[in-house]
Amino acid sequence: MSIEQNLDLNELMQVRMDKLKELKEKGINPFGQKFNPTYSTKEILDQSEELIASGQEVIIAGRMMAKRGHGKAGFANLQDLDGQIQIYVRLDDVGPEAHDLFLKADLGDIYGVKGFVFITKRGEISVHAREFILLTKSLRPLPEKFHGLKDVELRYRQRYVDLIMNPEVKETFVLRSKIIKAMREYLDNKGFLEVETPTLHNIAGGASARPFITHHNALDIQLYMRIALELHLKRLIIGGLEKVYEIGRVFRNEGISTRHNPEFTMIELYQAYADYEDMMVLTEEMVAYIAEKCLGTTKIVYGDQEIDLTPPWNRMTMIDAVKKYAGVDFKEIATDDAAREVAAKLKVAVPKDATKGSVLNEIFEEYVEPHLIQPTFIMDYPIEVSPLAKKKDDDPNFTYRFEAFIVARELANAFSELNDPMDQKERFTKQVEQREKGDEEAHMMDEDFVRALEYGMPPTGGLGIGVDRLVMLLTNSQSIRDVILFPTLRPRQDI
RNA sequence: GAGCCAUUAGCUCAGGCGGUAGAGCACCUGACUUUUAAUCAGGGUGUCGAAGGUUCGAAUCCUUCAUGGCUCACCA
């Protein structure tokens with residue numbers, strides 16, 4: 001099976017295949033062996049004064065992104081992880097064979113250069129080559145050097161090309177890595193233990209979402225891809241691990257949008273003997289720490305909005321928020337009927353059998369969420385929409401739960417964890433009833449989780465954050481696909 | 001799932017009223033030993049997303065489909 005048969009050859013590729021053949025005939029390996037650069041392009045630019053003064057040898061490697069030939073000499077730009085640097089290749093200095101290699105070099109090829117640093121007449125720090133070595137021949141032409149790769153579909157499908165051509169894409173993903181590193185650092189410093197729990201679940205719990213269903217052949221059982229990390233992590237709290245977190249992929253079989261990808265990254269953490277108040281402090285501190293560490297500031301820009309992540313963040317109960325933005329005081333609403341009447345008045349669609357708490361939640365989403373631009377904790381969620389959160393001592397219709405909102409989007413969800421096994425069992429039972437009524441997103445019964453609670457879970461605070469959405473916020477990305485390297489797309493045969 | 005928009009050369013894009021396709025970059029040939037969106041002279045780019053239809057004639061008009069984007073719906 002030859003390469004020629006594997007690749008569809010247009011004329012541009014045919015030219016490169018011919019060059020490849022010619023290189024092989026000359027004994028040059030077009031897909032070379034390892035190479036040890038001594039400097040990155042950025043290091044050379046940063047240390048240029050010393051390097052020019054000393055005249056010492058530098059060894060660099062990178063992809064050729066531009067070439068300007070002048071007969072017996074020429075310039076090119078090599079790109080590595082950190083940026084680009086210009087190289088100068090002169091017949092007198094590299095010899096006829098390497099110079100011929102330079103003449104035939106294509107944009108996209110990967111070369112190694114040994115030489116010394118100098119400044120050109122026009123003032124550009126460059127590497128004057130003494131050796132010019134082919135490391136990898138590129139067979140496909142790169143996109144246009146000035147406009148880069150714009151086609152969004154191609155950018156997502158062929159992220160490798162996107163990364164080669166668009167430096168800001170590379171920056172986004174480098175920053176994503178730093179954000180997650182800072183998150184780990186913050187939690188590790190607080191004594192949290194990072195753990196890994198199964199992604200294949202017998203019961204998909206911990207969130208309201210439709211799962212992906214899969215099958216294990218040897219066991220001949222149906223399995224679900226996890227939709228949350230919650231229930232396993234709480235089992236670990238019961239086991240005595242006290243402070244745990246997991247950063248991992250979860251999978252939800254739902255629509256795709258600029259804010260939803262079928263697989264995405266969540267962090268969940270649980271702290272024994274803590275409550276949701278502690279989680280609020282932890283949330284605002286951790287996000288501020290990450291921003292400071294990665295961006296050098298807690299005042300960020302998202303779209304055309306300036307966001308101040310400096311703690312403490314605003315706090316408001318859901319009831320107060322609805323009172324403020326929708327003008328309805330749910331403290332004065334006694335019955336489900338009255339609540340549904342209010343919903344009708346506010347033109348919020350709710351199911352016929354909607355309860356007071358779920359109506360409150362709907363009105364909140366419709367009337368309040370769009371206003372929550374600056375970081376805000378919304379506290380005390382209705383019990384109906386919070387099947388895993390502890391009831392409030394002073395009002396069993398509400399829970400010790402909050403969500404954090406920034407730029408009108410949910411960033412975090414946290415609560416004082418429900419640790420009463422009998423209550424938990426009742427809540428699951430209610431969820432199962434919802435499920436039987438056709439709500440595919442309602443929880444399933446998880447008997448083992450109830451059993452675990454029966455052994456006793458200490459009072460615990462838990463927190464979940466959508467990592468991709470946090471990265472979007474901190475990298476000023478408008479689509480979740482811009483912070484996920486390979487977003488989910490429908491496959492295509494024709495490209 | 002619905003609405004709107006897009007799909008033309010490897011890439012970025014033009015193609016008024018329907019007359020069988022263009023530019024720049026990239027590529028090829030030649031010149032040029034400090035250029036930088038290098039320059040100069042010459043050269044070829046193609047299933048116009050796919051399939052039907054209307055028409056003497058379709059990149060262009062119509063229908064269906066495919067893929068993507070945005071908005072909405074869905075969605076802790």
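So that the names make sense, note that chain A is the first sequence line, chain B the second, and so on, each numbered from 1. We use all heavy atoms of the structure for the numbers below, so side chains are in, but hydrogens, waters and symmetry mates are not.
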task = Spell out, as yes or no, whether a donor-acceptor pair under 3.5 Å connects the side chain of A:Arg340 to the backbone of A:Ala354.
result = yes
ask   = Quantified in whole Å, what is the C1' atom distance between nucleotide B:A41 and nucleotide B:G46?
value = 26 Å
ask   = What form does the base of B:G69 take, syn (within 90° of 0) or anti?
value = anti
request  = Considering just the side-chain nitrogens and oxygens of A:Arg90, establish if one lies under 4.0 Å of OP1 or OP2 belonging to B:U33.
outcome  = no
task = Answer yes or no: does a side-chain N or O of A:Thr258 lie under 4.0 Å from OP1 or OP2 of B:U71?
result = yes
key: Short side-chain N/O contact from A:Lys145 to OP1 or OP2 of B:A37, under 4.0 Å   = no
Shortest non-hydrogen separation from A:Asp380 to A:Met318 and the atoms involved = O-CB, 3.9 Å
query = Which of these, A:His232, A:Glu268, A:Glu246, sits in a side-chain hydrogen bond (donor to acceptor under 3.5 Å, both in side chains) with A:Thr197?
reply = A:Glu246
request  = Determine the Euclidean distance between corresponding C1' atoms of B:C48 and B:C13; express it in Å to zero decimal places.
outcome  = 14 Å
task = Please measure how far the P atom in B:G19 lies from the corresponding atom in B:C25, and state the result in whole Å.
result = 28 Å
P atoms of B:C11 and B:G3, separation to the nearest Å = 30 Å
inquiry  = With a 3.5 Å distance limit and no angle check, can you tell me whether A:Thr399 reaches the backbone of A:Tyr381 through a side-chain donor-acceptor pair?
reply    = yes
inquiry  = Given B:C75, B:U33, B:G68, identify the nucleotide with an atom nearest to the side chain of A:Arg490.
reply    = B:G68
